[in-house]
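Contents: one structure, followed by commentary.
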There are 2 protein chains.
Amino acid sequence: MFIEIEPDSAVPIYLQLAQQIMEGIARGELAPETPLPSVRAFAADLGMNMHTVNKAYHYLEEKKMIEIVPKKGVFIHANAIRSASTEEKARMEEELRPILAEALCLQLNREELAGMVEKMVREIREGSE
Amino acid sequence: MFIEIEPDSAVPIYLQLAQQIMEGIARGELAPETPLPSVRAFAADLGMNMHTVNKAYHYLEEKKMIEIVPKKGVFIHANAIRSASTEEKARMEEELRPILAEALCLQLNREELAGMVEKMVREIREGSE
DNA sequence: TATGCTGTTCTATTATTTATATAACAACTG
DNA sequence: CAGTTGTTATATAAATAATAGAACAGCATA
């Protein structure tokens, strides 16, 4: 699992970490039940604070992407790869909204939008940055 | 122009405002050269602070979606509806990334993703929330 | 049994961001 | 001249982000 954190990004580093773990899951690199490093080990590895890793973990737990078992460890959720619920779809749609508004101003048509989606899906699947 | 601000949203209200103005542009409701309310008038109308509206305006100016003319007023950018630059496309792609990672975990396929995009484009065009 | 690991909790500090509030300035408009 | 424009400055308050150190309870194992 290769994690690349950009300290100067506008995206908080706990979110960068959570998103890259989610990409690992999407890619199949992190299969359900796979253990993740302890908050201390991961923090030391990434050069960040234990509590920051903890925050990323809880963000992913909230999304039911990982399971935190107190005193045991952290694991990719047994059901991490699943069908989206109505709520999950609605959340993703709302996140899509501002990006699409900009895309419409910038005159991207149906095909170009589909092309961008395909490109990014490919990049996520390949693990490229 | 109907603006709906959710004060308890995780999205800062200056961003909500900026995004809804951009939707107005995308929808064609706010055509290029159209004047926007003054920071004071808009703030009073929306029940928020002048500086908050100002921050939304500068966010949109940074994106070249509006033009701020000191001592004159604020207008929809003459070139607000244009072709996306390489940088603009790259930015949108990066914004798409975390949403698509989640969508892959939640097993959305090409067709379902395209369907979500179409749905939200329709909602933006219709001005529905 | 003792050591070391796990996530959790608590307290604390620092910096940044968000939002509000006043006030004043310079320039344009009626 | 009066009113409006965006801008700038200062100030405060709250929330968020990130770090730090310490302690706790439970588990595994040597």
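Bear in mind the structure is a predicted one, so any value in this text is a computation, not a measurement. Throughout, protein chains are lettered first and strands after them, A, B, ... in sequence-line order, and every chain is numbered starting at 1.
- A straight line from CG of B:Leu36 to P of D:dT5 spans 12 Å, rounded to a whole angstrom.
- Heavy-atom distances under 4.0 Å link DNA chain C to B:Lys71, B:Lys72 of residues 58-80 of chain B, given in residue order.
- Regarding B:Lys55, its NZ atom lies at a distance of 15 Å from the P atom of D:dT7, rounded to whole Å.
- Distance check, rounded to the nearest 0.5 Å: CD1 of A:Ile21 to CD of A:Glu29 gives 11.0 Å.
- The line from CG of A:Leu113 to CG of A:Leu104 is 7.0 Å long, rounded to the nearest 0.5 Å.
- Residue B:Gln20 holds its CD atom at 11.0 Å from CD1 of B:Ile124, rounded to the nearest 0.5 Å.
- Residue pairs meeting the side chain to side chain donor-acceptor pair (under 3.5 Å) criterion with at least one member in residues 5-14 of chain A, sequence neighbours excluded, do not occur.
- The separation between A:Asn54 atom CG and D:dA17 atom P is 14 Å, rounded to whole Å.
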- Item | Working for salt bridge (charged side-chain N to carboxylate O under 4.0 Å, His left out), residues B:Arg125 and B:Glu118 | CA-CA 10 Å; B:Arg125 287 231 159 94; B:Glu118 296 272 344; over 6 Å; no

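- Sorted by first then second residue, the side chain to side chain donor-acceptor pair (under 3.5 Å) pairs that include residues 39-49 of chain A, not counting sequence neighbours, are A:Asn49-A:His51.
- Contacts between chain A and DNA chain C, taken as any atom within less than 4.0 angstrom of a protein heavy atom, begin and end at C:dT6 to C:dC10.
- In this entry the distance linking CE of B:Met50 with P of D:dT4 reads 14 Å, nearest Å.
- Across all strands, B:Tyr14 comes closer than 4.0 Å only to sugar-phosphate atoms, never to a base (heavy-atom distances).
- Taken to the nearest 0.5 Å, the CZ atom of A:Arg97 stands 10.0 Å off from the CD atom of A:Glu93.
- Between A:Thr52 and D:dA17, a side-chain N or O to OP1/OP2 separation shorter than 4.0 Å is absent.
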Could you pull out every donor-acceptor pair under 3.5 Å between side chains of residues 60-81 of chain A and any protein atom, sequence neighbours left out?
{"residue": "A:Lys63", "atom": "NZ", "partner": "B:Glu102", "partner atom": "OE1", "Å": "3.4"}
{"residue": "A:His77", "atom": "ND1", "partner": "A:Asn79", "partner atom": "N", "Å": "2.8"}

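- If you check residues 2-10 of chain B against DNA chain C, you find no residue with a heavy atom closer than 4.0 Å.
- Other residues, nucleotides and ligands place more than 12 heavy atoms under 6.0 Å from the CZ atom of B:Arg27.
- B:Leu17 is not listed as a side-chain neighbour of B:Lys55, based on a closest heavy-atom distance of 4.5 Å or more.
- With hydrogens and angles left out, the side chain of B:His51 and the base of D:dA9 share a donor-acceptor pair within 3.5 Å.
- Annotation: the span from B:Met116 atom CE to B:Leu108 atom CG amounts to 6.0 Å, rounded to 0.5 Å.
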